[in-house]
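Reminder, nothing fancy here: chain letters follow the sequence lines and each chain counts from 1. Reckoned from all heavy atoms, side chains included, excluding hydrogens, waters and symmetry mates. Just so we're clear, the structure is a prediction, and the values are computed from it rather than from any experiment.
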2 protein chains.
Amino acid sequence: MEEHKKRILLVEDDPNFGTVLKDYLMMNDYEVTHAKNGMEGFEKFKKDDFDLCILDVMMPYKDGFTLAKEIREKNTDVPIIFLTAKTMKEDVLKGYKVGADDYLNKPFDSEVLLMKIKAIIQRKATETISDSKQFEFKIGGFDLNSKLRFLKYNGENPVKLSPKENELLRLLALHENDLMPRELALTKIWRDDNYFTSRSMDVYIAKLRKYLKLDSKVEILNIHGEGFRLVVNT
Amino acid sequence: MEEHKKRILLVEDDPNFGTVLKDYLMMNDYEVTHAKNGMEGFEKFKKDDFDLCILDVMMPYKDGFTLAKEIREKNTDVPIIFLTAKTMKEDVLKGYKVGADDYLNKPFDSEVLLMKIKAIIQRKATETISDSKQFEFKIGGFDLNSKLRFLKYNGENPVKLSPKENELLRLLALHENDLMPRELALTKIWRDDNYFTSRSMDVYIAKLRKYLKLDSKVEILNIHGEGFRLVVNT
DNA sequence: TTACCTTTTAACCTTACATTAACAAAATTG
DNA sequence: CAATTTTGTTAATGTAAGGTTAAAAGGTAA
């Protein structure tokens with residue numbers, strides 16, 4: 001039923017607590033990336049798309065607030081939950097100022113955390129995503145609408161695309177005429193880079209080529225060992 | 001943009017605490033209606049439009065949860081904050097199930113409450129711009145009046161819609177020609193996203209399709225794994 | 001209570017998707 | 001060149017999601 005598991009970035013320096021929490025969240029059907037400090041947290045944040053960030057406030061090198069500010073600069077929407085020490089009122093207030101969605105005092109009840117996560121993620125889902133522009137691409141004679149997942153040729157023939165077909169074509173379009181590295185598609189779409197996912201991707205490339213045959217000016221070229229290139233000949 | 005003070009419905013049976021809290025909120029520029037029990041709370045809720053409800057959980061006659069349910073039947077959007085006794089974990093969980101936006105353990109810090117209020121009201125303000133009061137829709141040859149819950153085709157044949165049919169069609173109409181995510185309908189209408197609510201929704205989609213068959217230009221398309229799309233072909 | 005309306009659950013069937021296997025064809029390497 | 005790796009392509013398979021109808025369960029008012 002789920003299109004994809006919701007992804008959580010957990011930044012927590014205490015290795016024991018962090019691992020336990022990660023496992024608990026994973027048991028509850030979330031995909032969790034665990035970073036052990038603020039630096040690492042920001043690196044991982046940049047590399048991936050998350051549905052929620054859970055940040056410990058007290059961390060060496062870079063505290064949760066600083067990290068939150070950096071995250072907010074990149075992304076104004078992703079929900080943030082802070083884990084603060086008990087009774088640190090100032091932390092709570094500071095957190096809200098930085099744009100937190102919620103906070104939890106340690107030690108906290110895990111079920112309550114789960115409910116908060118659910119509530120926050122659902123809340124975000126409710127907010128209408130109306131920035132349609134980034135979902136529409138023109139590829140030669142084709143129009144790709146990657147939100148509604150269809151591909152039209154010359155205004156007619158709307159072909160439905162499967163989620164993977166759609167994502168892959170969208171990635172190619174984002175790199176039009178340029179190299180779209182294999183690895184990029186595998187990590188972004190398949191979230192795993194191994195022999196099988198790689199073969200699976202090749203199957204999808206074949207499918208896309210079939211769709212794109214309608215316009216002889218459009219083709220997907222392979223760059224051996226590197227990736228693919230969506231070219232539009234003029 | 002907003003010209004009126006934000007209105008808060010405060011339902012709290014302890015007269016001392018209630019009065020103090022009311023005064024504090026008023027000092028901070030909110031317009032506060034104080035009800036001393038659940039009955040009175042519901043009466044006042046019906047008489048006015050509030051931007052936020054703050055409900056004590058423990059109250060004689062009618063507790064906060066029961067009141068919240070009644071409020072939710074009237075209004076699926078208004079934010080609700082519960083005041084619960086410290087350490088009553090079950091209360092917190094129950095609150096979220098009823099559709100609470102947040103909760104506070106008594107005794108709580110008043111500044112924290114203020115921050116929460118601000119955060120929640122602001123959140124709703126950004127959300128509610130587009131889908132504000134809109135109850136009448138033209139869908140191809142149909143007229144939907146979702147306040148009176150009927151659907152007319154060509155001015156004739158007024159079909160009565162059940163509450164769920166109505167809400168679902170309204171959501172679809174709000175997103176006409178665009179994706180109406182499954183998740184959105186489930187969280188907004190069913191308030192829960194699981195296998196059964198999802199199947200229930202599919203049943204309603206089938207019912208709506210039956211009604212809409214009268215106009216061959218109107219159809220509900222599925223986007224596998226994402227949601228539905230109400231399209232009007234021209 | 002019956003009667004009626006609404007919603008959920010169940011059942012059964014169809015369609016959509018992603019993965020894997022299998023084999024062919026290029027490209028690369030030494 | 002032969003050997004190896006990478007890519008191209010089609011088909012088969014298993015699973016999940018959606019379509020539809022009917023029966024069960026819940027609710028409400030006469």
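What you find for B:Tyr153 and B:Leu214 is that their closest heavy atoms are OH-O, 3.5 Å.
Contact check on A:Arg7 versus A:Asp49 returns no salt bridge, with no Lys/Arg side-chain nitrogen under 4.0 Å from an Asp/Glu carboxylate oxygen. By the 4.0 Å N-to-carboxylate-O rule, B:Asp102 lies close enough to B:Lys116 to be salt-bridged with it.
Rounded to an integer number of Å, the gap from CG of A:Leu208 to P of D:dG8 is 12 Å. The CG-P distance, from B:Asn166 to C:dT7, rounds to 10 Å in whole Å. Here C:dT28 presents its C1' atom at 6 Å from NE2 of A:His224, a figure rounded to the nearest Å. A straight line from CG of A:Asn222 to P of D:dT6 spans 12 Å, rounded to a whole angstrom. Remark: P of D:dG19 and CD of B:Glu219 are 12 Å apart, rounded to the nearest angstrom. Rounded to a whole Å, the CE atom of B:Met180 is 11 Å from the P atom of D:dG18. In this structure, B:Leu168 places its CG atom 11 Å from P of C:dT7, rounding to the nearest Å. For the pair A:Trp190 CH2 and C:dT20 P, the computed distance is 12 Å after rounding to whole Å.
Judged purely by atom type and a 3.5 angstrom limit, B:Ser162 uses its side chain to pair as donor or acceptor with the backbone of B:Glu165. Side-chain atoms of A:Arg229 never come within 3.5 Å of backbone atoms of A:Ile223 as a donor-acceptor pair (strictly under, hydrogens ignored). Of the possible donor and acceptor atoms, one in the side chain of B:Asn37 sits under 3.5 Å from a partner among the backbone N and O of B:Met39.
OP1 or OP2 of D:dT6 has not a single side-chain nitrogen or oxygen of A:Arg182 nearer than 4.0 Å. Under 4.0 angstrom from either OP1 or OP2 of C:dA18 there lies at least one side-chain N or O belonging to A:Ser162. Look at B:Ser200 and you'll find a side-chain N or O under 4.0 angstrom from OP1 or OP2 of C:dT8.
Surrounding NZ of A:Lys46 are more than 12 heavy atoms belonging to other residues, nucleotides or ligands, all under 6.0 Å away. Within a 6.0 Å sphere centred on NZ of A:Lys118, other residues, nucleotides and ligands contribute 12 heavy atoms or fewer.
Within the 4.5 Å cutoff, the side chain of B:Ile71 has heavy atoms near those of the B:Cys53 side chain.
Within the nucleic acid shown, A:Tyr195 has no heavy atom closer than 4.0 Å to any nucleic acid atom.
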Within the sub-3.5 Å range, which N or O atoms of nucleotides 9-13 of chain D have a protein N or O partner, and how far apart are they?
from	atom 1	to	atom 2	distance (Å)
D:dT9	OP2	A:Arg209	NH1	3.4
D:dT10	OP2	A:Lys210	NZ	3.0

Close N/O contacts between protein and nucleotides 2-4 of chain D (under 3.5 Å):
none

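Each of A:Ile220 and B:Ile223 was matched to the nucleotide of DNA chain D holding its nearest heavy atom; the match closer to the 5' end belongs to A:Ile220. Place B:Phe196 and A:Lys164 on DNA chain C by their nearest nucleotides, and B:Phe196 ends up nearer the 5' end.
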